[in-house]
Amino acid sequence: MRLFITTLSMLSVIAFGYALAGYGGSLFGYAYRIDYIVIGLGCGIFCGGLALILWYKNRKKFFYYDDENNNENNENL
């Protein structure tokens, strides 16, 4: 699950990069690429949101205590 969430996070970064590429084309004298901007923002928000939702549902697997003698703190997770 950790690898899948990390992959979704990286896909969101790549998708937002596409949105910036569509917007940044105007700096070099080209027109805005509206399709890059819309697809990049849509996929970036979707992948980032899905990664956050999956992380929130599985957050107990990400945190653990190293102290085995202190079991009362482990029960609060």
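Follow the hydrophobic side-chain contacts under 4.5 Å out from M1 and you reach L50 in the same cluster. Hydrophobic clustering (side-chain heavy atoms under 4.5 Å, transitive across Ile, Leu, Val, Met, Phe, Trp, Tyr) groups Y56 together with F4. Hydrophobic clustering of Ile, Leu, Val, Met, Phe, Trp and Tyr side chains at less than 4.5 Å, counting indirect connections, unites L8 with W55.
The CG atom of L11 sits 11.0 Å away from atom OG1 of T6, with the distance rounded to the nearest 0.5 Å.
Among all heavy-atom pairs drawn from G40 and Y18, the shortest one is CA-CB, 4.3 Å. Considering all non-hydrogen atoms of both residues, S12 and G48 come closest at CB-N, 3.6 Å. Pairing each heavy atom of S9 with each of A51, the nearest pair is OG-CB, 3.8 Å.
Summarising the hydrophobic clusters (Ile, Leu, Val, Met, Phe, Trp, Tyr; side-chain heavy atoms under 4.5 Å, direct or chained), the residues clustered with F16 are Y23, Y32, I34, I37, V38, L41, I45.
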